[in-house]
A.B. asks: 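Below are the structure tokens for one structure; questions will follow.
Numbers restart at 1 for each chain; the letters A, B, ... are given by sequence-line order, proteins then strands. Because the structure is predicted, anything quoted here is derived from the model rather than measured.
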Protein chains: 2
Amino acid sequence: MFIVEDEKIIELIPFLKERGLRITPQRILILQTIISIKGHPTVEDIHQKLPYISLATIYNNVKLFLSLHILKELPYGNGLSKYELANQPEHYHILCESCGEIIDFNYPNLKEIEHVACKLTSFKIHTHQMEVYGLCPTCQIQ
Amino acid sequence: MFIVEDEKIIELIPFLKERGLRITPQRILILQTIISIKGHPTVEDIHQKLPYISLATIYNNVKLFLSLHILKELPYGNGLSKYELANQPEHYHILCESCGEIIDFNYPNLKEIEHVACKLTSFKIHTHQMEVYGLCPTCQIQ
DNA sequence: ATCGCTGCAAATACTTTGCAATGGG
DNA sequence: CCCATTGCAAAGTATTTGCAGCGAT
């Protein structure tokens, strides 16, 4: 574990406590695992790293973290959702259509599109996401 | 049924035939239903309009149409995917976080982001999608 | 000591599959 | 007539739920 990762956990503990939620070993481990994986793990990925924690507990806590906006859901994976930390710098995703891998990339924030969408649809805008689809370097070869 | 809709079906029939696929009443009805709904139906929506067609047949054909790029999958819906016709003018989607409705809106094509993503990740780019999230006018009131 | 959380097992939801019967080409 | 397709039922996969017992506060 690195310092940056520990800092993230240390910020999250009081955040949970303030909301009357208990700091269980399972919650700490699930969060640590998501932080240390760095990518965009599925529930199954988390369970493989923490096989002694019940799948139901992982599902319940991922759902809890989503409702607290600690996690973001990436529903593009073939049926199974992937998750990432919510408090990250703004970025977009590129997805491999062959192997399903998701990579982050930076691009100037497209906030302008939110104004246009608001004018055209009268929605109250909250956020936006963008995904670029293609073939990753590995899958291009094969 | 309107002329534009019939034209779409009429284009699709030879497209299927050329590929050695059979023109079954079920396929015609499923396509007509998706065209006439205009929105972004789920498999369940299609089945409600065509209850006498087996769910399995609807799933199988939706999958077939996806592989033929007649349909596009919109995986944002809570677990269940929504579908739209693929041969539509370029547009983006705005999603209501409360009721799940998806509305199309126009915005100048963001092809530039594909070049940037390509340079940064070495992916071979195919396409991109963008979703804006917010509250629809109806859900803002409630 | 309380009551929120965990873990199990069962239930649910969505989708795919095996296979006999059907019907489009 | 042949074989792709349909429809059913069963299986598969992902997720949620009920509840007894545990353990964080």
Side-chain angles (χ1 to χ4, degrees), chain A residues 9-10 12-34 40-68 70-83 100 102, chain B residues 9-10 12-34 40-68 70-83 100 102:
Chain A
I9 283 285
I10 287 163
L12 289 171
I13 289 173
F15 180 90
L16 292 172
K17 273 192 177 159
E18 282 160 22
R19 282 155 185 79
L21 298 164
R22 292 191 179 163
I23 311 305
T24 64
Q26 289 85 343
R27 287 185 176 160
I28 298 291
L29 284 166
I30 291 169
L31 286 172
Q32 279 184 334
T33 300
I34 294 170
H40 312 82
T42 62
V43 165
E44 191 47 41
D45 291 334
I46 300 168
H47 190 235
Q48 265 174 32
K49 295 261 178 183
L50 303 169
Y52 39 87
I53 297 181
S54 152
L55 245 187
T57 298
I58 298 176
Y59 273 111
N60 282 311
N61 280 308
V62 164
K63 224 179 139 187
L64 173 75
F65 298 150
L66 282 175
S67 73
L68 296 170
I70 290 175
L71 291 183
K72 263 191 192 174
E73 188 165 16
L74 309 176
Y76 327 120
N78 240 345
L80 47 165
S81 278
K82 304 189 178 191
Y83 300 92
I102 301 182
Chain B
I9 283 287
I10 287 163
L12 289 171
I13 289 174
F15 180 89
L16 292 173
K17 273 193 178 160
E18 282 162 22
R19 282 155 186 77
L21 298 164
R22 292 190 180 166
I23 311 305
T24 64
Q26 290 86 342
R27 287 184 177 161
I28 297 293
L29 284 165
I30 292 169
L31 287 172
Q32 278 183 334
T33 300
I34 294 169
H40 312 82
T42 62
V43 166
E44 191 47 40
D45 291 334
I46 300 167
H47 190 234
Q48 266 174 32
K49 296 259 176 185
L50 303 170
Y52 39 86
I53 297 181
S54 153
L55 247 187
T57 298
I58 298 177
Y59 273 110
N60 283 318
N61 280 308
V62 163
K63 226 179 137 187
L64 173 75
F65 298 150
L66 283 175
S67 74
L68 295 170
I70 291 175
L71 292 183
K72 262 191 194 176
E73 186 164 18
L74 309 177
Y76 329 121
N78 242 343
L80 46 165
S81 278
K82 304 187 175 191
Y83 300 92
I102 301 182

A.B. asks: How does protein contact run along nucleotides 19-25 of chain C, one letter per nucleotide 5' to 3', with B for base contact, S for sugar-phosphate only, - for none, heavy atoms under 4.0 Å?
C.D. replies: ----BBS
A.B. asks: Under the side-chain hydrogen bond (donor to acceptor under 3.5 Å, both in side chains) rule, collect the residues that match up with A:Thr42, sequence neighbours excluded.
C.D. replies: A:Asp45
A.B. asks: Name all pairs fulfilling the side-chain hydrogen bond (donor to acceptor under 3.5 Å, both in side chains) condition that reach into residues 53-62 of chain A, sequence neighbours left out, sorted by first residue then second.
C.D. replies: A:Arg27-A:Asn61
A.B. asks: Nearest 0.5 Å, please: how far is NE2 in B:His40 from CG in B:Leu74?
C.D. replies: 6.0 Å
A.B. asks: From CG of B:Leu16 over to C1' of D:dA4, roughly how many Å is that when rounded to an integer?
C.D. replies: 13 Å
A.B. asks: Tell me the interatomic distance from A:Leu55, atom CG, to C:dA9, atom C1', rounded to whole angstroms.
C.D. replies: 13 Å
A.B. asks: Between B:Glu44 (CD) and C:dT12 (C1'), how many Å, whole number?
C.D. replies: 14 Å
A.B. asks: When rounded to the nearest 0.5 angstrom, what distance separates CD1 in A:Ile30 from CD1 in A:Ile53?
C.D. replies: 5.0 Å
A.B. asks: Rounded to whole Å, how long is the line connecting atom CZ of B:Arg19 with atom C1' of D:dT5?
C.D. replies: 18 Å
A.B. asks: CD1 of A:Ile28 versus P of C:dC5: gap in Å, rounded?
C.D. replies: 13 Å
A.B. asks: Taking only residues two or more places apart in sequence, or in another chain, which ones meet A:Ser81 in a side-chain hydrogen bond (donor to acceptor under 3.5 Å, both in side chains)?
C.D. replies: A:Glu73
A.B. asks: Using 0.5 Å steps for rounding, measure from the CD1 atom of B:Ile23 to the CD1 atom of B:Ile28.
C.D. replies: 5.5 Å
A.B. asks: In whole angstrom, give the distance that lies between atom CG of A:Asn61 and atom P of D:dT15.
C.D. replies: 15 Å
A.B. asks: Please report the distance, rounded to the nearest Å, between CD1 in B:Ile58 and C1' in C:dT17.
C.D. replies: 17 Å
A.B. asks: Counting primed atoms plus P, OP1 and OP2 as sugar-phosphate and everything else as base, spell out the protein contacts along nucleotides 7-13 of chain D at 4.0 Å heavy-atom distance: B, S or - for each nucleotide, 5' to 3'.
C.D. replies: BB-----
A.B. asks: Taking OP1 and OP2 of C:dT16, is either one under 4.0 Å from a side-chain nitrogen or oxygen of B:Tyr59?
C.D. replies: no
A.B. asks: Over its full length, what angle do the end axes of the helix from C:dA1-D:dT25 to C:dG25-D:dC1 make, each axis taken from five pairs and the result rounded to 10 degrees?
C.D. replies: 40°
A.B. asks: Not counting sequence neighbours, which residues clear side-chain contact (heavy atoms from CB on, under 4.5 Å) with B:Leu12? List them please.
C.D. replies: B:Leu31, B:Ile70
A.B. asks: Side chains of residues 13-22 of chain A: which donor-acceptor pairs under 3.5 Å do they make with residues two or more places apart or in other chains?
C.D. replies:
from    : atom 1 : to      : atom 2 : distance (Å)
A:Arg19 : NH1    : A:Phe15 : O      : 2.9

A.B. asks: Which residues pass the side-chain contact (heavy atoms from CB on, under 4.5 Å) test with B:Lys49, sequence neighbours left out?
C.D. replies: B:Thr33, B:Ile37
A.B. asks: What is the distance, rounded to the nearest whole Å, between atom CG of B:Leu29 and atom P of D:dT6?
C.D. replies: 11 Å
A.B. asks: Please find the pair of heavy atoms, one from A:Val43 and one from A:Leu55, that lie closest to each other, and give the distance.
C.D. replies: CG1-CD2, 3.6 Å
A.B. asks: Between B:Leu71 and B:Leu66, which heavy-atom pair has the shortest distance, and what is it?
C.D. replies: O-CD2, 3.5 Å
